[in-house]
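Report on one structure; see the data block that follows.
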Amino acid sequence: MHDLKAIRENPAEYDKLWAKRGLEPLSKKIMDKDALIRKAMQVVQEAEAARNKSSKLIGQAMGKGDKEEAERLKAEVAGAKNVIAAMGVQLDGERAELQALLAGIPNVPFEDVPEGEDEDSNVELHKHLEPTKLDFEPKDHADLGEALGMMDFETAAKMSGSRFVVLSGKLSRLDRALAALMLDIQTEENGYVEHSPPFLVRGEALFGTGQLPKFEADLYKTTVDHYLIPTAEVSLTNIVRESIVDPETLPRRMTAHTPCFRSEAGSAGRDTKGMIRQHQFNKVELVSITRPENSEDEHKRMLGCAEEVLKRLELPYRVVELCTGDLGFGARRTFDIEVWLPSQDTYREISSISNCGDFQARRMNARYKHAEKDNRFVHTLNGSGLAVGRTLVAVLENYQNEDGSITVPTALVPYMGGVRLIK
RNA sequence: GGAGAUGUGGCCGAGUGGUCGAAGGCGCUCCCCUGCUAAGGGAGUAUACCUCAAAAGGGUAUCGAGGGUUCGAAUCCCUUCAUCUCCGCCA
């Protein structure tokens with residue numbers, strides 16, 4: 001959500017930044033609506049003031065027993081009430097329109113975010129390790145998993161349809177081991193506090209983080225008006241909603257290992273095979289709540305926290321900064337971590353780490369005490385640390401042996417109960 | 001799922017249609033007195049928005065949230081959310 005006052009003071013700047021995301025200029029439309037609203041507010045408020053004044057006089061007249069005067073005043077109030085009712089309806093309508101308009105406008109990028117229309121303009125920042133070289137034809141994770149008899153898409157399809165999987169045996173354990181490793185790194189080394197939040201949330205929570213109203217089609221909704229979380233970012237970030245945070249507790253770092261549910265409407269045909277794109281997957285999420293002046297530093301720190309997992313697993317990856325055209329709805333800057341997948345001979349996204357500035361904080365009214373009588377919006381950041389399913393895919397593909405067995409990365413052996421080879 | 005109760009300012013708590021943004025207490029801030037402790041006196045102490053070049057000032061809204069009745073609602077009605085108690089069910 002955007003700051004109306006800021007737009008009013010600097011419309012050209014906003015239009016310029018929105019243009020970088022490929023949007024038409026919007027400030028004029030917003031300000032015209034805003035001006036209409038303020039004019040209508042004045043009229044309504046004047047009428048309300050007149051009504052309140054007369055009503056008090058009626059009370060006094062009644063107290064004195066002067067019925068005639070009271071009746072005269074009542075007639076007077078009727079006029080004001082007409083104005084309030086008529087203008088009130090108009091005002092509500094205008095406000096709803098402006099609200100809807102603002103709610104659907106994405107965040108503005110930071111000045112120095114690379115410009116570009118789509119992912120082709122994303123900028124590679126750095127790489128870690130050389131892409132895995134196998135001296136045999138690499139299999140993809142789905143073939144490997146099915147051959148092991150521990151990854152079953154057909155059985156999952158029978159009960160749940162496409163884009164689901166049943167893991168079993170060592171692969172199921174591997175999934176758990178990866179999550180445990182990730183949580184241990186983030187909680188024991190990086191200062192994130194582990195949370196076990198709700199997986200079902202109300203619409204307001206999703207509005208707060210920006211998934212609603214625009215992206216309803218990507219979400220699963222229950223019959224009792226709950227939504228399944230598409231990411232724990234929603235649950236974790238909303239922990240500070242409608243509150244005034246003690247600045248001493250900032251930055252506040254939270255993590256959670258949760259399932260994520262995505263209906264992926266409109267993605268038919270993409271990554272149809274395997275575990276890359278599923279309706280349900282596990283993810284260890286990182287969320288930081290910061291003071292405004294610290295969010296950029298925290299963003300870099302969070303990137304490092306996510307990278308650490310891949311370093312520990314000795315998986316090749318690269319980090320890219322998304323260009324303006326590829327930024328998500330709420331983000332001012334985003335780093336993606338892409339892991340190397342031998343079967344695809346390319347890097348694939350395994351983590352996305354965003355600084356949302358005060359965009360989400362405004363939508364959920366999350367503030368901190370900046371000074372006495374000066375509460376300001378916090379900044380919110382979120383990132384995957386990491387997507388467990390895709391990490392499992394990366395481990396299988398990068399650690400595969402010619403016979404289809406999988407060497408367990410050293411860092412995972414303790415978490416696998418000492419197992420060094422999956423076969 | 002059934003029955004009932006509750007929801008007021010930082011906290012406690014009064015207030016069942018009128019001058020209530022809201023008594024009183026606690027806490028906090030400032031001042032005075034005393035000045036060792038303890039105590040005493042006075043003033044102040046919500047948020048958002050509109051108006052004003054700004055400040056001062058003025059105005060509107062807010063007593064969980066939303067809607068309604070009324071000239072007027074913290075107070076009456078409806079819906080909803082949350083909490084508590086009892087019963088049922090259940091991992």
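By convention in this document, chain letters (A, B, ...) are assigned in the order of the sequence lines, proteins followed by strands, and residues within each chain are numbered from 1. Computation of the quantities below employed the complete heavy-atom set of this structure, encompassing side-chain atoms and omitting hydrogens, waters and symmetry-equivalent molecules.
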Using the [atom1] atoms only, state how far [M] lies from [N], rounded to an integer number of Å.
N	M	atom1	value
B:U51	B:G40	C1'	44 Å
B:U29	B:A14	P	27 Å
B:C71	B:A54	C1'	38 Å
B:G9	B:U45	C1'	10 Å
B:G21	B:G15	C1'	13 Å
B:A82	B:G72	P	32 Å
B:A3	B:C89	C1'	16 Å
B:U75	B:U16	P	12 Å

Have [X] and [Y] got a donor and an acceptor in their side chains that come within less than 3.5 Å?
X	Y	result
A:T407	A:N401	yes
A:Y227	A:Q211	no
A:N355	A:S295	yes
A:N238	A:R241	yes
A:Q186	A:E285	no

Please identify each residue that fulfils side-chain contact (heavy atoms from CB on, under 4.5 Å) with A:S235, with sequence neighbours left out.
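Applying side-chain contact (heavy atoms from CB on, under 4.5 Å) to A:S235 gives A:P197, A:V201, A:I229.
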Applying side-chain contact (heavy atoms from CB on, under 4.5 Å) to A:D3 and not counting sequence neighbours gives A:K5, A:A6, A:R362
Looking only at the aromatic ring of each residue, does the gap between the centers of A:H379 and A:F359 stay below 6.0 angstrom?
no
For atom [atom1] of [X] and atom [atom2] of [N], their distance in whole Å:
X	N	atom1	atom2	value
A:R362	B:C49	CZ	P	10 Å
A:N365	B:U62	CG	C1'	14 Å
A:F377	B:A48	CZ	C1'	11 Å

What's touching nucleotides 15-19 of chain B from the protein side, N or O pairs under 3.5 Å?
residue, atom, partner, partner atom, Å
B:G18, N2, A:S55, O, 2.9

For nucleotides 79-83 of chain B, give me every protein contact, N/O to N/O, under 3.5 Å, one pair per line with atom names.
residue, atom, partner, partner atom, Å
B:C81, O3', A:R202, NH2, 2.6
B:A82, OP1, A:R202, NH2, 3.0

Does the protein touch nucleotides 50-60 of chain B at the base, only the backbone, or not at all? Give it as B, S and - per nucleotide, heavy atoms under 4.0 Å.
BS-------BS
Could you tell me which residues satisfy salt bridge (charged side-chain N to carboxylate O under 4.0 Å, His left out) with A:R333, sequence neighbours excluded, listed by chain and number?
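Salt bridge (charged side-chain N to carboxylate O under 4.0 Å, His left out) list for A:R333, sorted by chain: A:D112, A:E296, A:E321.
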Excluding sequence neighbours, so at least two apart, what forms salt bridge (charged side-chain N to carboxylate O under 4.0 Å, His left out) with A:E242?
none
For residues 300-309 of chain A, pull every pair meeting salt bridge (Lys or Arg N to Asp or Glu O under 4.0 Å), keeping only residues two or more places apart or in separate chains.
A:E308-A:R312
Pairs flagged by salt bridge (Lys or Arg N to Asp or Glu O under 4.0 Å) wherever residues 26-43 of chain A is involved - sequence neighbours left out:
A:R8-A:D34, A:K28-A:D32, A:K33-A:E94, A:K33-A:E97, A:D34-A:R38
Listing request: all side chain to side chain donor-acceptor pair (under 3.5 Å) pairs with a residue in residues 247-260 of chain A, at least two apart in sequence or in separate chains.
A:R253-A:E298
Pull out every protein N or O sitting under 3.5 Å from an N or O of nucleotides 63-69 of chain B, one pair per line with the distance.
none

Between A:F329 and A:F215, how do the two ring planes meet: parallel, tilted or perpendicular, split at 30° and 60°?
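Correct class here is perpendicular.
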Under 30°, 30 to 60°, or over 60°: which ring-plane class applies to A:W18 and A:Y14, parallel, tilted or perpendicular?
tilted
Return yes if some donor-acceptor pair links the side-chain N/O of A:R376 with the main-chain N/O of A:H370 below 3.5 Å, else return no.
no
In this structure, which stretches of RNA chain B are paired as stems of three or more consecutive Watson-Crick or G-U pairs, both distances less than 3.5 Å?
B:1-7 with B:81-87, B:10-12 with B:24-26, B:27-32 with B:40-45, B:46-51 with B:57-62, B:64-68 with B:76-80
